[in-house]
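To start, the structure itself, in structure tokens.
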Amino acid sequence: MVTVRAPATSANLGSGFDVFGAALGRPADVVRVEKADRTTISVTGVGSQYIPEDPEKNTVGAVADALDAPAHIEIDKGVRPASGLGSSAASAAAAAVGLNELYDRGLTREELVPIAAEGEAVVSGAAHADNVAPSIMGGFTVARADGVTAVDASIPLVTCLPEIVVSTRDARQVVPDGARMKEVVEVVGNAATLAVGMARDDPDLVGRGMNDSIVTPARAELITGYESVRTAAFDTGATGVTISGAGPAIIAACHEGDRRSIAIAMLDAFDSVGVDARAYQTRIGRGAEIF
């Protein structure tokens, strides 16, 4: 048996739609894999009642099939489904790393990314790598069609997860079909600033680069209290605030000493509009780890 912990992730980070991703220190999924004649899946943990155990409908089943590695797979969910924190990606990433080790396939972490992305397609309908890449490789990642670039970073973060459900499919449907050149130029500049900030471990640059005027405003309409929470985070020291992935989680970049006050302010802001939430004081961290 091989046991793997794979972290939650935040994709897009505002200006990096479908490209940028970051591994979070917490929460995480834990997946155990054991060789078997055919793949079977069991799921426990947060939101497990909503996750199918049929291998054809679960991300890890697609990963096992892609690696030709049948196994009994136990998933202990720490990342809530439909959270915007890469829940399905964490399971897929952990399964890819674990099955690669169990069957001695000899694939590199980068080579496992497209395999785990195939698992993501089961849930989202498309094989996007922006969540599975950081969950496997750790740090800040840039996912392109020709591969993944990863940068070690340790930016302090606060993620605030409201008790709201926003499906990835719904969040994709509200994405605009196009954008004005002025908006494109602005977002490219912000994305470049964010990437430099990650390379320098500079929370101020990262925060400045999280602004996005194309996708985020449309998705913000799906999250009750988004503007209030965003304002509260900035008022207590956040350097940047945006929607994590497809939402509804909201992520704030900040300096080390400000995480607690930002977390409290974001929770209070959600509470003021009648929405329960929980906050994680975390940072960009490591990728999937074999126990």
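When every heavy atom of Phe140 is checked against every heavy atom of Leu194, the shortest pair comes out as CE1-CD2, 3.7 Å.
Side-chain atoms of Ser154 and Arg283 form a donor-acceptor pair, as typed in the model, at a separation below 3.5 Å. Side-chain contact of Lys77 with Ser87: a donor-acceptor pair under 3.5 Å is present, judged by distance alone. At a cut-off of 3.5 Å, with distance as the only test, no side-chain donor of Arg38 or His72 sits close to an acceptor on the other residue.
Of the possible donor and acceptor atoms, one in the side chain of Arg109 sits under 3.5 Å from a partner among the backbone N and O of Ile136. Listed for the Glu53 side chain is a donor-acceptor partner under 3.5 Å among the backbone atoms of Val43. The main-chain N or O of Ala117 is never found under 3.5 Å from a side-chain atom of Glu120 such that the two would form a donor-acceptor pair. In terms of modelled atom types and a separation under 3.5 Å, the side chain of Asn12 and the main chain of Asp18 share a donor-acceptor contact. Checking side-chain atoms of Thr231 against main-chain N and O of Ser228 turns up no donor-acceptor pair under 3.5 Å. Without hydrogens or angle criteria, Ser83 side chain to Leu85 main chain gives a donor-acceptor distance under 3.5 Å. Using modelled atom types, one side-chain atom of Thr239 and one backbone atom of Pro203 make a donor-acceptor pair closer than 3.5 Å. With hydrogens and angles disregarded, no donor-acceptor distance shorter than 3.5 Å links the side chain of Arg286 to the backbone of Gly139. Looking only at distances, no side-chain donor or acceptor of Asp29 sits under 3.5 Å from a matching main-chain atom of Arg5. Within the 3.5 Å criterion, the main-chain N or O of Pro7 finds a donor-acceptor partner in the side chain of Ser135.
For Lys35, the NZ atom counts as densely surrounded, since its 6.0 Å shell holds more than 12 non-hydrogen atoms of other residues, nucleotides or ligands. Within a 6.0 Å sphere centred on CZ of Arg230, heavy atoms belonging to other residues, nucleotides or ligands number more than 12. Residue-environment remark: CG (Asp152) stays at or below the threshold of 12 foreign heavy atoms within 6.0 Å. Environment of CG in Asp54: crowded, with over 12 heavy atoms of neighbouring residues, nucleotides or ligands closer than 6.0 Å. For Glu56, the CD atom sits in a loose shell: 12 or fewer heavy atoms of surrounding residues, nucleotides or ligands are nearer than 6.0 Å.
Salt bridge absent: Arg278 and Glu163 never bring a charged side-chain N and a carboxylate O closer than 4.0 Å. Between Arg219 and Asp212, no side-chain nitrogen of the basic residue sits less than 4.0 Å from a carboxylate oxygen of the acidic one, so the salt-bridge criterion is not met.
Residues Leu161 and Arg80 form a side-chain contact, since some pair of their non-hydrogen atoms from C-beta on lies under 4.5 Å apart.
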